[in-house]
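Inspection log for the structure reproduced underneath, given as structure tokens.
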Amino acid sequence: MVAWARAHPGWVDGVLTGMLVFPLVPFVLFDGTARIDAAYQILIFLPLAWRRTAPVASFAAVSLFMAGQLFLNDLPLYADVALLLSMYAISAYGPTWARRAALGVGLLAALTATADWYGNALTRPGLAAMVAMLFSVVLAPWALGAYLRTRREYVSGLVDRARQLERDAAQQATIAAAAERARIAREMHDVVAHSLSVIVVQADGALYAARTRPEVAVETLQTISRTSRGSLAEMRRLLGLLRGDEERADVERAPMPTAADVGSLVEQVRGSGLDVRAELVGDPRTVDAAAGLTVYRVVQEALTNTLKHAAPGVRARVRLEVGPDHVLVRVEDDGGATPSAGPAGERSGEPLPRGGGGHGIVGIRERIALHDGTVDAGPLLGGGFRVEARIPYEKESM
């Protein structure tokens, strides 16, 4: 009922006006002596029907009819209550200038009414007391309207703020979901790209060795098997995150790699046939997990690009410098100039061009941007490619 009344103010004010007018109808119809006064009082009440939908016009009409009362009657009328209702309405729903003007009009009406009704019947102190009383009567509905207006605006502000907070929360949830999807996509790319590059290199080597040195082919196939199983485990873990079943006991678990695992990564890549050397300065165990994962993925992606794009016989170097507040990662290769020495390093086909349409370097930049770090990737003079990244980190408690 309250909601309906707020949604249909015109109907509510029409019903209120009808209730105020109804007691005057018998006088208009059946009392000849009071017919004129009753009809005029009905005119005073009628503008109240749009006191909220058109508060300025309603107050002006009531005020004009109240002024005309001075020429018709020297006594208070039942319809004088219309001024109080109009004072409330103009204060609660009218513009600022109209509210101030209405207060002046109401106080002037109090003075005029005192002079018209009691000018010859009261002493000066009595007139002053009557003026003060009528001032209070006029000021009360005006103040009540101002209070309710302020309260309504306050509640409306709270509602708007709540809606804005809901929109912000929904937007933040969308951004967080997009960021999480991007993070998982980067992990998937790194796992798949690196593992498949190693498998392709090993498969090419096994194909070559199968014709000349079968025992090497067996070892190469074992390397392919280990790489595939490890990649499959990581894929299951990442897909488990996407499905939301990370709490299931049958989901295979393994800690995410850190900066301390770069050495084993280099050994794995070296086992695939790539001539790679590593140099470590500092203690990578002091790097926090998030930055450590980024360090690992940067080295992994750079070496994967070397496997995918460099010519046979390529030599790569990995340098990891752990500073007091950042990690400097440098991975570079010479581009390859001579045939590979071993069967596992033998590759078929031409190397792919660097900086193509892949997402490796883009993924590196996205990862490092999360840590406010910097990355520089590009070809070297004389051939080869270098990826150099500076990754800030927080010290991991030992």
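Keep in mind that what you see is a predicted model, and the values were worked out from it rather than measured. For this chain, numbers begin at 1 and follow the sequence in order.
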### Query
Is there a donor in the side chain of Arg161 and an acceptor in the side chain of Gln164, or the other way round, less than 3.5 Å apart?
no

### Query
Does CZ belonging to Arg152 count more than 12 external heavy atoms closer than 6.0 Å?
yes

### Message
Going by the rule salt bridge (Lys or Arg N to Asp or Glu O under 4.0 Å), which residues pair with Arg319 if we only count those two or more places apart in sequence or in a different chain?
### Response
Glu279, Glu321

### Query
Quick one: does Arg52's side chain get under 4.5 Å of Val12's, heavy atoms only?
yes

### Summary
Distance col, row Arg51:CZ vs Asp13:CG, nearest 0.5 angstrom, shows 4.5 Å

### Query
With a 4.5 Å heavy-atom cut-off, do Pro284 and Thr258 have their side chains touching?
no

### Query
Given side chains that start at C-beta, do those of Pro47 and Phe59 come closer than 4.5 Å, heavy atoms only?
no

### Query
Taking Arg35 for the side chain and Val28 for the main chain, is one N or O donor matched with an acceptor at less than 3.5 Å?
yes

#### Entry: Results of salt bridge (Lys or Arg N to Asp or Glu O under 4.0 Å) for Arg317 - residues two or more places apart only
Glu332

### Message
With a sphere of 6.0 Å drawn around CG of Leu111, does it hold more than 12 non-hydrogen atoms of other residues, nucleotides or ligands?
### Response
yes

#### Entry: Neighbour count >12 (heavy atoms, 6.0 Å) for atom CZ, Arg167
yes

### Query
Can you list the other members of the hydrophobic cluster that holds Tyr147, where links are side-chain heavy atoms under 4.5 angstrom apart?
Tyr88, Tyr93, Leu144, Leu148

### Query
Where is the tightest heavy-atom contact between Ser86 and Leu48, given as atom of each residue plus distance?
OG-CD2, 3.4 Å

### Query
Thinking salt bridges, do Glu267 and Arg270 make one under a 4.0 Å N-O criterion?
yes

### Query
Can you check whether Val314's main-chain N or O pairs, donor with acceptor, with Asp333's side chain at less than 3.5 Å?
no

## Note on the structure
When rounded to the nearest 0.5 Å, the distance separating CD1 of Ile90 from OG of Ser58 is 8.0 Å

### Query
Are any of the side-chain heavy atoms of Leu85 and Leu20 separated by less than 4.5 Å?
yes

### Message
Please check: side-chain N/O of Tyr393 versus main-chain N/O of Gly323, any donor-acceptor pairing under 3.5 Å?
### Response
yes

### Task
With rounding to the nearest 0.5 Å, note down the distance linking CG in Leu134 to CG in Asp80.
10.0 Å

### Query
Hey, does Leu29 have a side-chain heavy atom less than 4.5 Å from the side chain of Val25?
yes

What donor-acceptor contacts under 3.5 angstrom involve side-chain atoms of residues 373-382, with partners at least two apart or in another chain?
none

### Task
Each residue besides Met19 in its hydrophobic cluster should be listed here, by chain and number; the cluster joins Ile, Leu, Val, Met, Phe, Trp and Tyr at side-chain heavy-atom distances under 4.5 Å.
Val15

### Message
Looking at Thr17 and Ala49, would you say the former's side chain and the latter's main chain have a donor-acceptor pair under 3.5 Å?
### Response
yes

### By salt bridge (Lys or Arg N to Asp or Glu O under 4.0 Å) - contacts of Arg100 (at least two apart)
none

### Query
Leu46 versus Phe65: any side-chain heavy-atom pair under 4.5 Å?
no

